[in-house]
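Each chain gets a letter, A, B and so on, in the order the sequences are listed, and its residues count up from 1.
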Amino acid sequence: MFEVLKYIHDHIGDTLNLTELADRFGYSKWHFCSKFHEYTGKSFVKYVRHYRLQLAAVDILSGKKVTDVATAYGYDTLGGFDKAFLAQYGCLPREYKRLEQQTKQYYERRKDTMYPLTDRCELLRQLVTSCNDYEDKYCIQRQVYSTLGRIHAAERGCTQMQIIGEGLCSILREFSPVIIPGELIVGFNHPDTKYEERFAPQDTPEHRALAKENGIREQVLEEYFQYQKDPSKELLFEYRKPLIDFAHTVSTPPTQQELDSTEDFSSIVRNIDSNHTVIGYEQVLRLGFRGLLERVEAFEAKNGENPMYATMKCICEAACQMGHKYAQAAKELKDAGSDAYQQKDLEQIIETCSRVPEHPATTFREAVQALWFAHIVNTWEDFINANSLGRLDQILYPYYKRDLEQGILTKEEAFELICCLWLKLYRNYDVQQSCVGGTAPDGSSDVNELSYMMLEATEQLNIIRCMSVRFSKNTEKEFIKRALEVVGHVQKGVPFFFNDDVMIPALMSKGISKEDAHDYTQIGCVETVIPGKSNPHAVTGEANVLKTLEYVFCNGHSMLHPDLFPGAETGCLSSFDTFEKFFTAVKAQMYHLLDLTCSKVKKYREYSVHRSPKPYKSLLTRGCLESGRDFNDAGAVYDYYQIMLDGIPNLADSLEVIREFVYKQKTYTLQELKDILQQNYPDERVRMEFMNKAAKFGNDIESVDSLATELIHTACDALDELSRKYELSFHAQPFTFWWMVDRGRETAATPDGRRSGEIIAYSVSPMQGRDFNGLTALLNSIAKLPTTRTPGTTSAIVEVDPKLFTDRNIPLLADILLGAAANGLENVQFNTIDADTLIDAKKYPEKYNNLAVRVSGFSQKFNLLSEELQDHIIGRTKHTCL
Amino acid sequence: MSVTALITNISRGSLHDGPGVRTVIYYKGCLLRCSWCHNPETLSPKKELLYHPSKCIHCGACVEICPAHHTVVGNDMVFSRDGCARCGSCAASCPSLALTVCGEELTTEELLAEIQKDRAYYEASSGGVTFSGGECLLQADSVAQAAAKCHDLGISTALESALFVPWENIQKVLPHIDLFYADLKLADAEKHRRFTGQSNGLILENLQKLSRCHHNIIVRIPVIPGVNDTEADFMGFGEILQSLGPGVRQVELLKYNFLAASKYEALEKPFSAFSDHTQSDAQMEALSSFLERICGIPCSF
């Protein structure tokens with residue numbers, strides 16, 4: 001059929017005849033019709049008409065005469081053309097041009113009030129978005145140098161801390177600078193987000209050529225390949241055995257089975273021992289690595305030597321040289337006089353990089369460059385993943401203000417620099433979060449000129465930029481409206497919104513000081529962090545609380561794997577003669593499940609303390625230098641563990657069904673219900689009944705919303721108690737990431753009408769497609785949850801029709817957001833693609849290469865998602881606010 | 001004493017039925033039969049059964065409950081409304097929501113409970129509640145009581161009516177309504193009778209009175225292709241609007257809504273579209289500026 005379409009498109013000006021076309025492609029006429037309809041969703045005639053009119057519209061816009069266009073596309077009379085055009089576009093052809101111009105002018109007018117995107121940024125934007133991760137080719141440097149650094153240190157018999165530090169120092173010392181023509185901010189970081197074998201060079205001609213291009217000497221490469229072939233060095237290649245000690249085993253690693261729980265996947269602990277951070281980059285801006293080195297020495301003098309201080313000193317020394325290497329490279333390029341580079345750009349790179357990151361930044365430009373270098377070092381320590389940047393408008397504002405006052409920077413130049421930084425951060429999968437806005441401890445708004453400018457850079461560049469907005473009831477409404485405009489115009493689900501009035505009390509309830517709580521920001525998707533002062537251990541522990549139902553029904557056993565016994569014994573079904581007793585059993589299972597999760601976190605923690613010290617993160621995290629303890633060894637001022645809770649909405653919906661049908665109407669006994677679930681709904685009628693005839697979370701219906709609320713309270717209570725039991729701080733985080741697909745696959749049928757293996761709800765968003773009482777009702781349901789107890793954020797994605805983001809409606813949407821915030825909403829992310837577009841995009845991915853959607857705390861190109869996730873996103877209720 | 005009203009639907013988070021974010025209450029029952037009505041489910045003053053064939057899973061639960069009025073032929077459900085007692089038991093038994101009852105009896109307290117759920121949004125946006133329908137003023141006691149309570153709670157109120165009701169009904173609600181949307185459909189009495197089933201005498205009389213005793217009225221004119229969109233029609237509207245009292249603040253033209261077909265299908269009533277598309281902005285702009293010139297009241301669409 002693809003060929004057929006291609007033929008139609010190529011011959012659109014000719015007379016197209018269905019019979020002839022069917023013949024040409026070897027179909028019978030009728031078969032052709034049905035195939036065509038199936039593939040395109042339209043009949044042959046409609047499709048051709050639609051496509052012709054599209055082309056006609058383009059011609060009209062280009063200034064051709066309406067009569068000529070009508071004839072060109074086979075309309076005998078102007079009246080017929082007018083009629084067809086009106087039906088498709090809602091206006092007459094001659095009006096079309098004017099209307100189109102109006103909209104365009106309107107957008108242009110808006111653009112006039114914004115900072116212009118410079119040619120430089122436009123060209124760089126084309127470069128970074130045209131290929132998948134254009135920095136791929138440089139990453140070979142990190143792989144080779146850091147691996148060799150680690151191996152050499154291990155051979156010298158160094159400690160684990162030093163081995164890891166040497167890996168980092170080695171790349172810092174050895175890398176070859178890369179300056180791309182047109183760049184204002186220089187430096188490449190790791191190309192992707194995690195350990196991946198494809199980035200590790202193999203002994204192939206291509207990789208050898210690549211290594212040569214990257215300036216890696218033959219001798220070094222030979223050494224690398226030699227070690228790669230040596231089984232005894234295997235452990236030092238990160239991508240192979242990320243779980244194993246690099247040096248020597250100081251404690252027994254937990255087995256994968258122990259980590260994955262009991263194969264039932266209800267309690268999961270991940271080996272992410274960091275790469276989810278916001279550390280104190282502003283210290284690099286303020287002190288420079290030279291100044292940081294002096295700080296380390298001061299603490300060393302005070303507390304005595306230890307391997308951590310020694311490693312930090314090496315890193316500071318090596319990092320000081322980063323800038324100089326770039327200055328030198330720029331100087332060589334300048335002297336070579338190549339016309340690919342503008343002399344002025346190179347001069348500025350020389351000037352900037354001669355200073356930072358070794359010395360404190362003195363200008364806005366130096367600050368942006370120093371921040372980027374500080375970030376590179378962080379991602380070179382343990383890859384990008386969700387290593388994030390924090391409150392960029394706050395960090396950079398003092399430099400911006402000073403430069404403006406001194407008259408050495410214009411606002412346009414500042415905007416261009418921000419765009420350059422944004423483009424440096426661009427990734428297809430991006431969870432390098434940054435944050436704008438916020439509230440100061442005295443209640444005043446933290447919004448400044450840079451906050452607006454950063455929103456604008458996101459809008460003008462029109463790229464996925466993982467970005468959030470913090471707001472409170474004191475935030476300027478203008479700012480919230482501006483942020484919503486960006487959501488509406490960029491249509492990539494950014495930025496997302498965090499309510500300070502809920503987040504800050506939630507953080508303070510966990511013992512975080514008022515001052516620090518007001519400085520919170522986000523990592524990656526939606527994990528909360530106190531920048532430069534905390535190790536949040538994000539996404540380490542995860543509990544699929546929906547599985548507690550299986551354990552109650554099977555008295556501790558898994559329903560999917562009856563031989564497994566992951567739950568607690570809560571008694572036989574006949575003992576639950578009231579709903580309260582049943583609910584109590586669920587709560588007991590939940591405690592048991594969380595206990596299991598926390599105990600595994602504890603066990604894993606002890607291991608990771610030895611396995612993966614993080615000297616660079618320790619350097620830039622308050623508490624580590626002072627205590628002499630590593631970032632992963634509770635060195636940070638705030639050391640806590642975020643425990644993800646999956647399936648809360650499904651569990652609440654299921655309990656409501658049980659209360660309604662088993663205890664109120666007594667239509668089914670618990671045993672009958674168990675049989676139904678075990679047999680995965682043999683009778684569709686029953687499934688429909690459960691789905692449609694009991695209230696569902698997300699519709700502002702008290703009975704079921706209060707169940708969801710109580711479930712989260714139960715989890716929070718349990719985590720408080722477990723925090724005491726294990727002497728670790730556990731924060732509830734009702735957030736699923738995109739694992740709702742996997743968790744669903746591992747969960748038996750549930751009473752809310754969900755079949756076995758089907759996806760579960762995203763975070764605390766209602767189960768997709770089950771909210772039908774409108775946007776305000778949905779937001780109210782979510783806002784009712786005990787959000788002030790969950791500083792890990794109750795994440796929710798709301799699907800909104802993009803047509804809603806009109807200039808008339810944006811102030812109203814801001815009001816809705818503020819109204820929901822007043823009710824206690826904690827976090828919300830908007831997705832703004834209509835369902836038709838998504839369905840079309842699933843069918844014809846080639847048409848939608850830049851279409852990005854909100855997946856789960858981050859945006860992603862729709863084409864790169866799995867089919868299951870695509871369907872999940874299509875299935876979410878689209879709110880139109882009619 | 002609390003009044004009970006028959007409600008079609010309560011729609012929350014509306015952005016188009018008055019200022020700010022609003023909860024719209026659709027009362028059931030209307031005496032006009034406008035041929036273009038896009039809320040046909042609100043016309044009958046009784047509960048009605050809606051049938052959505054696409055949702056039907058052919059389980060037969062409805063037949064078991066009500067064998068008299070349903071027959072099964074093969075796999076297809078043939079559904080008949082003859083002799084339906086509107087008891088709703090079939091809808092109650094339908095697991096897939098293919099059969100639903102349209103119309104719910106709600107007391108003023110119940111209405112208020114629903115209205116109050118979105119208070120935070122009204123406060124943030126200067127929104128409130130809008131009474132609509134059907135013809136909400138056929139159940140004026142409920143509207144008056146609910147609106148009065150809204151005012152006690154500081155919630156702003158708006159009302160949309162076609163004014164084809166006794167004047168006493170309008171009087172009952174007047175003190176409690178902040179914004180009045182009055183519908184005007186056709187200026188010519190004969191045409192009005194032809195397309196809505198009733199003459200417009202009473203409507204115009206009420207509109208005259210209303211424009212002299214309420215200060216905040218917006219007149220709404222649904223523009224229907226081929227029915228009321230000629231120059232002559234708009235001259236007629238202009239004359240009427242010109243003669244009204246000082247309370248009319250604005251005139252809003254509404255584009256033709258041609259998407260109601262599925263609602264008619266659910267009621268199994270014939271639907272005749274006046275056009276398969278809506279008007280363009282330019283067409284609306286032309287009509288609205290024309291009308292504004294004759295009547296001197298600001299017009300928008």
Side-chain angles (χ1 to χ4, degrees), chain A residues 83-92 94-96 98-99 102-103 473 477 683-693 699-702 753 772-781 783 804 806 808-825 879-882, chain B residues 9-24 38 55-62 64 91-100 113-127 225 255-259 275-286 300:
Chain A
K83 202 174 159 212
F85 200 92
L86 192 63
Q88 183 157 334
Y89 292 100
C91 68
L92 294 169
R94 52 192 166 280
E95 291 170 349
Y96 183 70
R98 196 169 49 84
L99 287 173
Q102 272 177 3
T103 353
K473 56 181 184 295
K477 204 168 153 196
D683 185 353
E684 181 67 3
R685 190 161 140 179
V686 175
R687 195 180 75 84
M688 284 284 169
E689 193 177 11
F690 286 178
M691 198 143 91
N692 294 319
K693 297 283 175 161
N699 295 296
D700 202 2
I701 297 170
E702 200 47 42
F772 39 77
N773 260 355
L775 184 57
T776 55
L778 163 63
L779 291 172
N780 278 0
S781 280
L804 204 62
T806 62
R808 178 189 170 274
N809 286 348
I810 278 179
L812 292 174
L813 290 174
D815 292 335
I816 289 182
L817 189 61
L818 286 167
N823 282 346
L825 181 80
H879 289 273
T880 51
C881 266
L882 279 171
Chain B
N9 180 26
I10 297 179
S11 163
R12 293 166 59 182
S14 167
L15 304 181
H16 297 284
D17 296 280
V21 180
R22 307 196 76 86
T23 297
V24 186
H38 61 256
K55 287 187 178 171
C56 182
I57 57 168
H58 308 287
C59 66
C62 49
E64 285 165 28
S93 75
C94 175
S96 63
L97 305 183
L99 282 168
T100 52
E114 200 60 23
I115 291 168
Q116 287 197 70
K117 284 181 173 175
D118 279 355
R119 269 189 96 154
Y121 306 97
Y122 312 148
E123 277 162 26
S125 69
S126 313
K255 285 186 180 182
Y256 175 62
N257 183 343
F258 60 96
L259 297 172
S275 170
D276 58 355
H277 57 80
T278 190
Q279 293 94 347
S280 72
D281 283 0
Q283 287 171 317
M284 295 300 280
E285 173 62 44
S300 63

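Each of B:Cys94, B:Ser93, B:Gly127, B:Ser125 has some count of heavy-atom pairs under 4.5 Å with chain A, and the biggest count is that of B:Ser125. When each of A:Val686, A:Asn809, A:Leu818 is checked for heavy-atom pairs under 4.5 Å with chain B, A:Asn809 comes out on top. When A:Arg685, A:Glu689, A:Lys477, A:Lys693 are compared by the number of non-hydrogen pairs under 4.5 Å with chain B, A:Arg685 comes out ahead. Taking A:Leu817, A:Asn780, A:Asn823 one by one and counting their heavy-atom pairs under 4.5 Å with chain B, the maximum is reached by A:Asn780.
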Evaluation steps, side-chain contact (heavy atoms from CB on, under 4.5 Å), between B:Arg12 and B:Val24
CA-CA 6 Å; B:Arg12 293 166 59 182; B:Val24 186; over 6 Å; no
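For B:Leu97, the parts lying under 4.5 angstrom from a heavy atom of chain A are both the backbone and the side chain. For B:Ala61, the parts lying near chain A are the backbone and the side chain together; criterion is any non-hydrogen pair under 4.5 Å. Residue A:Ala814: no heavy atom, backbone or side chain, is found under 4.5 Å from chain B.
In the model, B:Thr23 has a side-chain atom that pairs as donor or acceptor with a side-chain atom of B:Tyr122 under 3.5 Å. Between the side chains of A:Asp700 and A:Ser781, not a single donor N or O lies within less than 3.5 Å of an accepting N or O.
Between B:Arg22 and B:Asp17, none of the side-chain N atoms (NZ, or NE/NH1/NH2) sits under 4.0 Å from a carboxylate O, so this pair counts as no salt bridge.
With values rounded to the nearest 0.5 angstrom, A:Arg687 atom CZ is found 4.5 Å from A:Met691 atom CE. One distance of note links CG of A:Asn699 with CZ of A:Phe772; it measures 4.0 Å at 0.5 Å rounding.
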